[in-house]
Amino acid sequence: MPSIALSLINVTKRYGSTAILDGLSFGLFQGEKVGLIGRNGAGKSTLFRLLTGDEIPDSGEVVITQGLRVARLSQEPHFAPGASIRQALEAALSDHAALLARHQEIHDILHGSAGDAEARLFDELQNVEHLLHHWGWDLTPRLKAAATMWGLADLDAEVESLSGGWRKRVALAQAWLKEPDVLVLDEPTNHLDPEQVERLEAWLAGFEGALLLITHDRHLLDAVVSRMLELEDGALRSYEGGYSDYLLEKSDREFREARLTEHMQNRLRREMAWLRRGAKARTRKSKLRIQEVLDLKDNVAERTRQEIRQGLAFAKGDNRSDALVRAEGIRFAYQNGPELLGTLDLGLQRGMRIALLGPNGCGKSTLLKVLLGELEPTAGSVARHPKLAVTAISQGRGELDGRRSVLDNLADRAAIVDTGNGTVLAHVYLTRFGFPVDQQARPASTLSGGERNRLLMAKAMLNPSDLLVLDEPTNDLDIPTLQNLEEALSGFGGTLVLVSHDRFFLDQVATHTLAWNAAGSPRWELYEGPPTTVRSLREARAAEQAPPKAEGPRASARPAPDKPKKPGLSQKEQRRLAEVEQALAALHGRLEELDATLAAPTAFLRPDSPGHQALKDRDSAQSELEPLETEWLELEEKRSGD
């Protein structure tokens, strides 16, 4: 049986009188991959801070097995002030640098040592050299591999000046460089674009150490973990398998518990009827039975203290037209910036639920603004139905007034709101979204990211809409809230345009995908189906549009040399020119193969992954290429000059 990598032993952590973690115990085995989920506020981040040592438990113990290398990634990673990407990555290699320094130090000391001291130094030197043979004697290749793995091109850029997505990449590169035995990640997919999420998923799937993954990314949980932990009411419940297995097992458990609760309620009704009739004699036996009834009543009350799954819904507008928005030949580029749309034609029809899929910076938010009329296209036109009712939630959540209270942001001082299915008191309506009455007077500026998102959703559901535009609606939402949102959007009768990094969420909701293609014209391509189908649909579309393949041998990277003798070159020079062109074609082909290897998500997963050798082979091939190109140019100039 594998040994324990880290464990919590009867850990309790309180904030004031509230126990966030209450006598919590669990162990993470070496080689085990575990996912941790729970509602916002359940204590996941508290648990993470205990594991990082940023906080200490009020009681109990956090134990990490001695000698194991541990890498941790917080939701919002921090770096040394003014540090460049290169310096941040070098900081992650401090153990490696210390080994190199110690190796040199031992060599210096050995010159003057003898006897037992010399033997101890030789033993230590062997251990140090063993580790350096594994990690390499030069830090540069590892830094280059990390930069390639996580797409960090400008190593001199200051980390703190970067966006959240780029800072997350740097933090992931740091964790990867440490080659940890234990990996603890808190929401690692936040701010990452789909390509980087796939790369992260491939790394974690191949990771051979112990992994504790705290995330709302259900797709990642399904792909990576073999056990799920749910944190609720300060305690952990374990489920075998990934997220889908967890759903099935939890549903089965809840069904069994519901049957048990129903049985207990029936028994309680009978016992309460006995109590109301009154006992003829207050004997010791009857007093004990009365106490049992009271205990049963408390037990039933606790078991039925479940949050009622609200039937939340977005109100549909009155527009009966099928065609809501029509964009024809639209282009857009910011001043001195690249073209983002590339002559796009797009029609938004009633009932479509479109997911926008593309990397950070490709222009998803810009496209939304052009469709909504917040930005004018630099070419083409956008026609909107004259009675179109739109509700939009931007990524920056600017629709909330931070100075006003939660309640006033929702209802603008109105006591009653219309949900489309009748009226309800505004403060009662807000409780459905997790805002207790005593917290509704808080200024919106004090809300967390998840709370701001829930308030915006509550507000959006009150606005009858034909077109609903949501930019990153899933950020900071816990899984139960995501499930409620999925159901509400799937039942929405209007048109929906979505931007989200949550692949599982998009696959549950979207009927169409508008996918970015940097090499295409237009830049955006519409596919019928959720995002997971885009790759296969794009390959099928490309196969249909591709011209028939010509028969015969595959063409080389450069045209084959002409056989007849060329004026200006001797026969020997002609033969050499043919040899050089053949060698150039082979080298170009080799470089293409190596670039494909380096671009693969699995290129640098482990020390023995092919990317490390491919990086060295590419440098070698590039050094061979330069003198051959110079020689080819000289021969070609001589041939064409006569």
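Computed over heavy atoms, backbone and side chain alike; hydrogens, waters and symmetry mates excluded. All values reported here derive from a predicted model rather than from experimental measurement.
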- Item | Short side-chain to backbone donor-acceptor contact, Glu187 and His216, under 3.5 Å | yes

- Query: With a 3.5 Å cut-off and no angle check, do the side chains of Thr495 and Arg350 form a donor-acceptor pair?
  - Reply: no

- Note on the structure: To the nearest 0.5 Å, atom CD of Gln349 lies from atom NE2 of His512 at 9.0 Å

- To the nearest 0.5 Å, how far apart are CG in Leu367 and CG in Leu340? 9.0 Å

- Message: With a 4.0 Å cut-off on N to O distance, would you call Lys369 and Glu376 a salt bridge?
- Response: no

- Basic-acidic side-chain contact under 4.0 Å: Glu230, Lys250: yes

- Is the shortest distance from a Lys or Arg side-chain nitrogen in Arg169 or Asp193 to a carboxylate oxygen in the other one below 4.0 Å? yes

- Indicate yes or no for a side-chain donor-acceptor contact from Glu528 to the backbone of Thr511 under 3.5 Å, with no hydrogens or angles considered. no

- Query: Could you go step by step and tell me if Thr343 and Arg331 meet the side chain to side chain donor-acceptor pair (under 3.5 Å) rule?
  - Reply: CA-CA 5 Å; Thr343 320; Arg331 301 171 63 89; 2.9 Å; yes

- Message: In the structure I gave you, are the side-chain heavy atoms of Leu192 and Asn190 within less than 4.5 Å of one another anywhere?
- Response: no

- Task: Check whether any side-chain N or O of Thr215 sits under 3.5 Å from a backbone N or O of Asp217 as a donor-acceptor pair, and report yes or no.
- Result: yes

- Query: Please walk me through it: do Asp318 and Lys387 pass salt bridge (charged side-chain N to carboxylate O under 4.0 Å, His left out)?
  - Reply: CA-CA 9 Å; Asp318 297 329; Lys387 295 183 179 180; over 6 Å; no

- Task: Consider only side-chain N and O atoms of His385 and Asn319, and report whether a donor and an acceptor are under 3.5 Å apart.
- Result: yes

- Return the orientation label for the Tyr334 and Phe332 ring planes: parallel under 30°, perpendicular over 60°, tilted otherwise. perpendicular

- Message: Quick one, Leu36 and Leu236 - any side-chain contact, counting heavy atoms below 4.5 Å?
- Response: yes

- Query: Is the shortest heavy-atom distance from the side chain of Leu51 to the side chain of Leu6 under 4.5 Å?
  - Reply: yes

- Message: If I compare all heavy atoms of Lys316 with all of Pro464, which pair ends up nearest, and what's the gap?
- Response: O-CB, 3.8 Å

- Item | Salt-bridge present (Lys33, Glu208; N to O < 4.0 Å) | no

- If you measure from CZ on Arg353 to CG on Leu470, what distance do you get to the nearest 0.5 Å? 12.5 Å

- Message: Please evaluate residues Lys144 and Met149 with respect to the criterion side-chain contact (heavy atoms from CB on, under 4.5 Å), reporting the C-alpha separation (whole Å), side-chain torsions for both, the decisive distance (0.1 Å), and the verdict.
- Response: CA-CA 9 Å; Lys144 189 182 292 186; Met149 170 77 173; over 6 Å; no

- Query: Between Ile330 and Ser381, what is the shortest heavy-atom contact and its length?
  - Reply: CG2-O, 3.4 Å

- Message: To check you understand the geometry: which heavy-atom pair defines the closest contact between Thr533 and Ser536, and what is its length?
- Response: O-OG, 3.0 Å

- May I ask you to say whether Glu32 pairs ionically with Arg227, meaning some side-chain N is under 4.0 Å from a carboxylate O? yes

- Query: Do Asp186 and Lys44 meet the salt-bridge criterion of a basic N to acidic O distance under 4.0 Å?
  - Reply: no

- Message: Measuring only between side-chain heavy atoms, which start at C-beta, is Leu357 closer than 4.5 Å to Tyr527?
- Response: no

- Message: A side-chain contact here means heavy atoms from C-beta on lying under 4.5 Å apart; do Leu498 and Pro473 qualify?
- Response: yes

- Task: With side-chain contact (heavy atoms from CB on, under 4.5 Å) as the test, would you mind laying out the steps for Leu356 and Leu368 before giving the verdict?
- Result: CA-CA 9 Å; Leu356 267 60; Leu368 295 182; 4.0 Å; yes

- Atom CG in Leu204, atom CZ in Arg199: separation rounded to 0.5 Å? 13.0 Å

- Task: Indicate the atoms forming the closest heavy-atom contact of Leu231 with Gly43, along with that distance.
- Result: CD2-C, 3.4 Å

- Query: Quick one: which of Asp222, Leu221, Thr532, Leu482 gives a side-chain contact (heavy atoms from CB on, under 4.5 Å) with Phe504?
  - Reply: Asp222

- Item | Check: Leu371 and Leu346 side chains under 4.5 Å, non-hydrogen atoms | yes

- Message: Within this structure, what is the CD-CD distance for the pair Gln508 and Glu487, rounded to the nearest 0.5 Å?
- Response: 10.5 Å

- Does a salt bridge link Asp617 with Arg590, judged by any charged N lying under 4.0 Å from a carboxylate O? yes

- Donor-acceptor under 3.5 Å (Arg326 side chain, Ala383 main chain): no

- The reported gap from CG in Leu89 to CG in Leu177 (rounded to nearest 0.5 angstrom) is 5.5 Å

- Looking only at heavy atoms, the pair that brings Gly329 and Asp345 closest together is N-OD1, 2.5 Å

- Would you please test His219 and Glu201 for side-chain contact (heavy atoms from CB on, under 4.5 Å) and show each step? CA-CA 9 Å; His219 191 288; Glu201 182 182 306; 3.5 Å; yes

- side-chain contact (heavy atoms from CB on, under 4.5 Å) between Val382 and Val325, worked out: CA-CA 7 Å; Val382 180; Val325 177; 3.9 Å; yes

- Task: Would you please name every residue forming a ring-ring contact (aromatic ring centres under 6.0 Å, His included) with Trp516, sequence neighbours left out?
- Result: Trp524

- Query: Regarding Glu525 and Asn517, is there a side-chain donor-to-acceptor distance under 3.5 Å anywhere?
  - Reply: yes

- Query: So do the side chains of Pro77 and Phe79 get within less than 4.5 Å of each other, counting heavy atoms only?
  - Reply: yes

- Is Leu372 close to Leu467 at the side-chain level, that is, under 4.5 Å between some pair of heavy atoms? yes

- How far apart are the closest heavy atoms of Glu179 and Arg69, and which atoms are they? O-NH2, 2.6 Å

- Message: With a 4.0 Å cut-off on N to O distance, would you call Glu198 and Arg535 a salt bridge?
- Response: yes

